[in-house]
Amino acid sequence: MKFVGYGVVWDKENNKPLCEFVDGELKTTEDEVIKTLKKLGYKGEKEKITSKPSDAEQEKNIEFPEGE
């Protein structure tokens, strides 16, 4: 999940940093971090999973000029 923010979010229960935003964003899959950030009011958005097409899929999309 991706969150937007700045700086460090402090985990006061464990007296240590929970997470740190880098260049204004944080990407995490850790359930506890996601739960805590949402509880604190941060808005998260799910990451879109994009996969690179396989070589076979790429070959299907190749167009050859007429006569070849």
Side-chain angles (χ1 to χ4, degrees):
M1 185 161 269
K2 178 179 169 182
F3 293 90
V4 177
Y6 295 95
V8 175
V9 177
W10 191 256
D11 180 351
K12 67 179 181 179
E13 293 176 7
N14 295 309
N15 198 33
K16 65 178 187 174
L18 175 71
C19 59
E20 181 176 4
F21 292 92
V22 177
D23 295 327
E25 68 180 26
L26 169 75
K27 294 179 182 179
T28 185
T29 57
E30 295 179 49
D31 291 335
E32 195 61 36
V33 173
I34 293 169
K35 181 180 171 183
T36 302
L37 288 174
K38 284 184 173 184
K39 186 176 177 181
L40 292 171
Y42 287 90
K43 305 278 184 195
E45 53 184 65
K46 291 184 179 180
E47 291 276 30
K48 294 178 183 163
I49 299 174
T50 57
S51 61
K52 179 181 172 187
S54 68
D55 290 337
E57 290 174 325
Q58 287 180 342
E59 288 176 10
K60 288 180 189 177
N61 295 328
I62 296 174
E63 294 184 24
F64 292 99
E66 297 273 332
E68 288 187 27

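It should be emphasised that the depicted structure is a prediction, and the values quoted were computed from it without experimental measurement.
- Among residues at least two apart or in separate chains, there is no side-chain hydrogen bond (donor to acceptor under 3.5 Å, both in side chains) pair with a member in residues 28-40.
- Across F3 and L37, no two heavy atoms sit closer than the pair CD1-CD1, 3.7 Å.
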Just distance, no hydrogens or angles: give the donor-acceptor pairs under 3.5 Å from side chains in residues 11-24, sequence neighbours left out.
{"unit_1": "D11", "atom_1": "OD1", "unit_2": "E13", "atom_2": "N", "d": "3.2"}
{"unit_1": "D11", "atom_1": "OD1", "unit_2": "N14", "atom_2": "N", "d": "3.3"}
{"unit_1": "D11", "atom_1": "OD2", "unit_2": "N14", "atom_2": "ND2", "d": "2.7"}

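- The hydrophobic cluster analysis finds Y6 isolated: no Ile, Leu, Val, Met, Phe, Trp or Tyr side chain comes under 4.5 Å of it, directly or through other members.
- Remark: K2 pairs with E25, K27, E45, E47 by the side-chain contact (heavy atoms from CB on, under 4.5 Å) rule, at least two apart or across chains.
- Applying the under-4.5 Å side-chain rule to Ile, Leu, Val, Met, Phe, Trp and Tyr, the cluster around V8 consists of that residue alone.
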> Would L26 and V33 count as a side chain to side chain contact (heavy atoms under 4.5 Å, CB included) if you check the C-alpha gap in whole Å, the side-chain angles of each, and the deciding distance to 0.1 Å?
Replying inline: CA-CA 10 Å; L26 169 75; V33 173; 4.3 Å; yes

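- Connection of M1 to V4 is not established within any shared hydrophobic cluster, with ILVMFWY side chains joined at heavy-atom distances below 4.5 Å, either directly or through further cluster members.
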